There are 2 protein chains.
Amino acid sequence: MEHPARQNLGVSAYARLKRDIIRGVYPAGEKLLMSHLKERYDLGTGPLREALSQLVAEHLVVAISQRGYRVAAMSVGELEDIYDARANLEGLIVELAIARGDDGWEAEILAKAHTLAKVMDLSGPEEMLDVWDRRHQVFHSAIAAGCGSRHLLQARESLLDQVERYRHLWLCETVFSSEALEQKRQEHAALVEVLLARDSSRASRMIREHLMSPVPIIRDVMKRRGLE
Amino acid sequence: MEHPARQNLGVSAYARLKRDIIRGVYPAGEKLLMSHLKERYDLGTGPLREALSQLVAEHLVVAISQRGYRVAAMSVGELEDIYDARANLEGLIVELAIARGDDGWEAEILAKAHTLAKVMDLSGPEEMLDVWDRRHQVFHSAIAAGCGSRHLLQARESLLDQVERYRHLWLCETVFSSEALEQKRQEHAALVEVLLARDSSRASRMIREHLMSPVPIIRDVMKRRGLE
DNA sequence: TTCTAAAAAAATGTAGATATTTTTAAGGCA
DNA sequence: TGCCTTAAAAATATCTACATTTTTTTAGAA
């Protein structure tokens with residue numbers, strides 16, 4: 001008989017904390033009080049400190065010696081830098097993917113693009129956005145996977161984790177109009193076409209623009225909320 | 001009066017463990033026994049687990065639930081992927097640096113290149129290699145800094161950390177002939193020239209080749225040591 | 001108000017309790 | 001004997017409770 005494979009508590013603490021930070025449960029810069037975390041997650045300090053250490057390594061949390069932990073700050077400056085870095089890295093990855101991707105890669109892109117395009121058929125507004133976002137991520141990951149480099153994809157993941165708090169701001173604030181959805185769909189369709197045509201420089205430019213487009217919107221949200 | 005700013009033990013445990021892993025004190029794949037670590041670093045499990053958690057996030061250590069920690073494996077496959085990823089990322093960063101770097105950037109490069117070129121004047125063989133390596137890193141960092149993106153530089157640092165174990169293999173094994181040194185010096189000089197001329201595509205290609213050159217040597221060392 | 005000192009709160013570290021895995025040893029069977 | 005299974009013992013990982021140290025707050029005095 002197989003046990004349910006007992007995880008150590010640090011791992012689940014890590015997952016839950018990360019999720020809560022990304023979802024904005026703890027605002028940027030907020031002190032993460034050990035006593036509060038112990039109560040909220042019903043855990044001892046040991047596992048919590050393990051989890052926090054990992055989050056420090058991922059730059060989502062900052063540790064100040066003898067003064068505990070804080071949620072990493074957010075700023076418009078960082079917003080712009082993360083998106084810039086992400087756009088450029090993704091551009092590079094797409095170029096490599098076009099040079100290196102095989103038939104399976106093309107097929108995966110088509111499959112994920114199709115799944116993504118079919119989202120609107122679904123039910124409620126909240127849930128639809130959720131599903132759309134998940135499939136959107138999967139679609140872009142399928143494109144990136146073609147570069148074939150575990151370590152470039154790892155760098156990409158790391159930036160995704162760091163951008164997630166800003167992106168969440170966008171998802172929350174955006175009343176997702178069907179025009180915007182339609183707009184995105186067209187961008188994706190155009191992107192797929194250029195990818196399959198293996199037009200490296202055009203694909204790279206397109207993906208960079210595609211990724212940068214939420215920046216002005218998020219910047220506005222931040223300024224409105226006094227997060228600048 | 002200022003206190004010496006007491007660090008928590010996890011931080012120094014992290015630094016020492018990382019150093020030892022990179023230096024090959026613990027071979028790839030080796031089990032990191034808590035009892036051994038406690039004795040070696042004279043620390044309790046708490047700080048050690050904090051340090052190990054950070055190293056897990058940096059992919060230098062792997063955690064297996066209820067079975068403790070191991071040094072991350074090494075393989076020729078990973079060697080090739082890290083160097084490939086690094087070369088491509090560095091190529092991208094150089095292109096951005098050329099587009100974005102200002103006069104200060106150019107000046108820094110010239111300064112660091114000069115310091116690097118002057119290393120040979122120094123004393124012993126071991127120490128010289130040490131100094132050379134440090135200045136070499138500084139030189140390349142000065143180039144990369146021009147891209148102006150904290151997050152791209154952070155991704156670069158992360159790859160540097162991960163490649164360090166392989167690079168250390170190279171530094172240890174290489175009896176550093178003055179021809180090789182001379183060869184490197186020429187590559188650097190050529191690189192500086194192209195950078196200052198702002199020849200983006202040539203600089204990118206040159207740096208990619210420059211970074212890839214140790215790969216065959218390291219691959220040989222690994223095969224000889226049965227690390228493949 | 002501004003400074004100081006006591007009190008409270010918080011972070012950090014260790015020791016030891018608990019749970020899990022690994023090793024060892026013994027027994028059964030071909 | 002050789003090999004597998006099983007059970008106990010040892011080693012190990014993990015977690016919590018509490019002790020210690022440091023920071024922050026509070027309250028009183030100048």
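Quantities reported herein were computed from a predicted structural model and do not represent experimental measurements.
- For B:Arg67, counting side-chain heavy atoms from C-beta on, the closest listed nucleotide (C:dG13, C:dT22, D:dA13) is C:dT22.
- Protein atom CG of A:Leu32 is 9 Å distant from nucleotide atom P of C:dA11, rounded to whole Å.
- At least one side-chain nitrogen or oxygen of B:Lys31 sits closer than 4.0 Å to the OP1 or OP2 atom of D:dA13.
- Following rounding to the nearest Å, A:Leu43 (CG) and D:dC15 (P) show an atom-to-atom distance of 9 Å.
- Using a 4.5 Å cut-off on side-chain heavy atoms (C-beta onward), B:Trp105 and B:Arg100 make no contact.
- Computed from coordinates, the A:Lys38 NZ to C:dA9 C1' distance equals 12 Å when rounded to whole Å.
- Among D:dA17, D:dC15, D:dT12, the nucleotide with an atom closest to any side-chain atom of A:Pro47 is D:dC15.
- At a cut-off of 3.5 Å, with distance as the only test, a side-chain donor of B:His188 or B:His136 sits close to an acceptor on the other residue.
- A:Trp170 is not listed as a side-chain neighbour of A:Val163, based on a closest heavy-atom distance of 4.5 Å or more.
- In this structure, the nucleotide among D:dT16, C:dT12, C:dT21 sitting nearest to the side chain of B:Gln66 is C:dT21.
- Rounded to a whole Å, the CG atom of B:Leu52 is 10 Å from the P atom of D:dA13.
- When the P atom of C:dA10 is taken as reference, atom CD1 of A:Ile64 falls 15 Å away, rounded to whole Å.
- A:Asp161 is not listed as a side-chain neighbour of A:Glu164, based on a closest heavy-atom distance of 4.5 Å or more.
- Looking at the side chain of B:Tyr69, the nearest of the listed nucleotides D:dT14, C:dT14, D:dC15 is D:dT14.
- Rounding to whole angstrom units, NE2 of residue B:His36 and P of D:dA11 are separated by 17 Å.
- Here the P atom of nucleotide C:dT20 and the CG atom of B:Leu33 are 19 Å apart, to the nearest Å.
- Side-chain nitrogen and oxygen atoms of B:Arg49 include at least one within less than 4.0 Å of the OP1 or OP2 phosphate oxygen of D:dT14.
- Side chains of A:Lys184 and A:Ser213: a donor on one and an acceptor on the other come within 3.5 Å.
- At a threshold of 4.0 angstrom between heavy atoms, the contacts of B:Gly68 are confined to the sugar-phosphate backbone, with no base atom among them.
- Nearer the 5' end of DNA chain D, as judged by each residue's closest nucleotide, is the contact made by B:Ser35, out of B:Ser35 and A:Glu50.
- Across the protein-nucleic acid pair, B:Leu48 atom CG and D:dC15 atom C1' stand 15 Å apart, rounded to whole Å.
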